[in-house]
Amino acid sequence: MSINHLSALDPIFAESLRVGGPTVRDFRRPDGFSGLLCLIIEQQLSTTVAAALWAKLQAMVGVVTPDAILALPDEDLRACGLSRQKIGYARGLARTVADGQLDFDAIHKMDDEEAIAALIALKGIGRWTAEIYLMMALGRPDIWPVGDLAIQLGVQRLKGWAEKPTQTQLLAVAEPWRPHRSLAAQLVWHHYVALQEQARASKPPKGKKTP
């Protein structure tokens, strides 16, 4: 389904493109260990902060592999900005992959719900992380992450709703967009990120007061 067709189904997508620009931002992540670890780091963080942490980790180890994570002492991981909890998650994921207990090739061949179930069986991975991995790393076309705060706030703003929608409401509003809800999610994010960038650009520099 083209963006134009999705826009014809619901005017919020034309608004997303008007605000965010005609080229949709690239939300892709790598697949495999590095992509899943990247998403664990992103949990409950802004994309800007998470990107800075990931850049520090890459600068420290180069290629992010299970062996590289297992070889790093906790102090180095903390220096990259990882919390104690996320250090535990990172080491647990690295050990699971290094020991051969996690087969990414097998997960990548599963249907969406099977893959989500397999991923959330791992410590530190909930449904949000699993869904975003399927969408961003594997390019699955019909993922609609209703637990994502930016999706909740983005749909609220685009629809002009007074209150943040519930997950049930988000599932209902996206039903007509099947089986292309991943594209819908990216368009909502596109709009949400654009508004964030506009808000940051409008703030006066620190130390200066507006007249």
Side-chain angles (χ1 to χ4, degrees), residues 1-31 35-36 38-55 81 112 116 126-211:
M1 179 184 289
S2 69
I3 292 177
N4 288 339
H5 186 67
L6 193 56
S7 297
L9 288 176
D10 197 310
I12 70 168
F13 300 118
E15 177 65 7
S16 295
L17 294 170
R18 186 191 71 79
V19 173
T23 302
V24 180
R25 288 163 173 78
D26 186 357
F27 296 105
R28 288 175 296 178
R29 298 291 186 274
D31 63 6
L36 197 53
C38 182
L39 290 172
I40 288 174
I41 290 175
E42 289 184 25
Q43 291 170 357
Q44 298 179 327
L45 295 177
S46 71
T47 53
T48 302
V49 171
L53 268 58
W54 185 251
D112 292 347
I116 289 169
R127 188 171 181 92
W128 177 87
T129 304
E131 288 180 332
I132 301 302
Y133 180 79
L134 263 61
M135 184 197 303
M136 291 184 171
L138 302 188
R140 298 290 177 91
D142 195 39
I143 304 296
W144 181 239
V146 295
D148 185 84
L149 181 60
I151 292 291
Q152 296 166 4
L153 295 176
V155 171
Q156 179 188 359
R157 289 168 180 165
L158 284 163
K159 288 290 190 181
W161 292 341
E163 297 181 356
K164 187 173 69 174
T166 65
Q167 294 190 8
T168 300
Q169 289 172 318
L170 285 172
L171 287 171
V173 77
E175 191 63 28
W177 309 334
R178 286 180 180 272
H180 305 282
R181 292 177 299 172
S182 292
L183 177 57
Q186 291 173 61
L187 287 166
V188 173
W189 284 332
H190 183 58
H191 177 267
Y192 182 84
V193 172
L195 291 182
Q196 285 188 316
E197 291 173 349
Q198 292 170 15
R200 284 195 294 266
S202 67
K203 287 183 179 179
K206 289 184 178 181
K208 291 187 177 181
K209 296 182 178 180
T210 55

Supply the atom-to-atom distance Gln156 CD to Tyr192 OH, rounded to the nearest 0.5 angstrom.
10.5 Å
Hey, could you give me the NE2/CZ distance between His191 and Arg25, rounded to the nearest 0.5 Å?
10.5 Å
Rounded to the nearest 0.5 Å, how far does CD of Glu197 lie from OG1 of Thr48?
8.5 Å
Looking only at heavy atoms, the pair that brings Ile41 and Ala50 closest together is CG2-O, 4.3 Å
Closest approach of Glu131 and Val146, non-hydrogen atoms and distance?
OE1-N, 4.3 Å
Would you name the heavy atoms of Asp148 and Ala150 that are closest together and state the gap between them?
OD2-N, 3.1 Å
Looking at Trp189 and Pro145, what are the two nearest heavy atoms and their distance?
CZ2-CG, 4.1 Å
CG of Leu149 to OG of Ser46, rounded to nearest 0.5 Å, is 12.0 Å
Between Val24 and Leu17, does the side chain to side chain contact (heavy atoms under 4.5 Å, CB included) criterion hold? Intermediate values first, please.
CA-CA 8 Å; Val24 180; Leu17 294 170; 4.0 Å; yes
Scan Met135, Arg181, His180 and name whichever one has a side chain to side chain contact (heavy atoms under 4.5 Å, CB included) with Asp142.
Arg181
Considering only heavy atoms from C-beta outward, does the side chain of Trp177 approach that of Leu187 to under 4.5 Å?
no
Test side chain to side chain contact (heavy atoms under 4.5 Å, CB included) applied to Ile3 and Phe13, step by step:
CA-CA 8 Å; Ile3 292 177; Phe13 300 118; 5.9 Å; no
Would you say the side-chain atoms of Thr129 pair up with the backbone N or O of Ile40, donor to acceptor, closer than 3.5 Å?
no
Nearest heavy-atom approach of His190 to Thr23 is CE1-O, 3.1 Å
For Ser182 and Ile143, the nearest pair of non-hydrogen atoms, with its separation, is OG-N, 2.9 Å
List the steps and the verdict of side chain to side chain contact (heavy atoms under 4.5 Å, CB included) for Trp54 and Glu42.
CA-CA 9 Å; Trp54 185 251; Glu42 289 184 25; over 6 Å; no
Checking side chain to side chain contact (heavy atoms under 4.5 Å, CB included) for the pair Val193/Phe27: CA distance, chi angles, key distance, verdict?
CA-CA 11 Å; Val193 172; Phe27 296 105; 4.3 Å; yes
If you count the non-hydrogen atoms of other residues, nucleotides and ligands that lie under 6.0 Å from NZ in Lys159, is the total more than 12?
yes
Between CG on residue Leu138 and CD1 on residue Ile132, distance to nearest 0.5 Å
12.0 Å
Checking Trp144 side chain against Leu170 main chain: does a donor-acceptor pair fall under 3.5 Å?
yes
Can you tell me how far the CE atom of Met136 sits from the CG atom of Asp26, to the nearest 0.5 Å?
9.5 Å
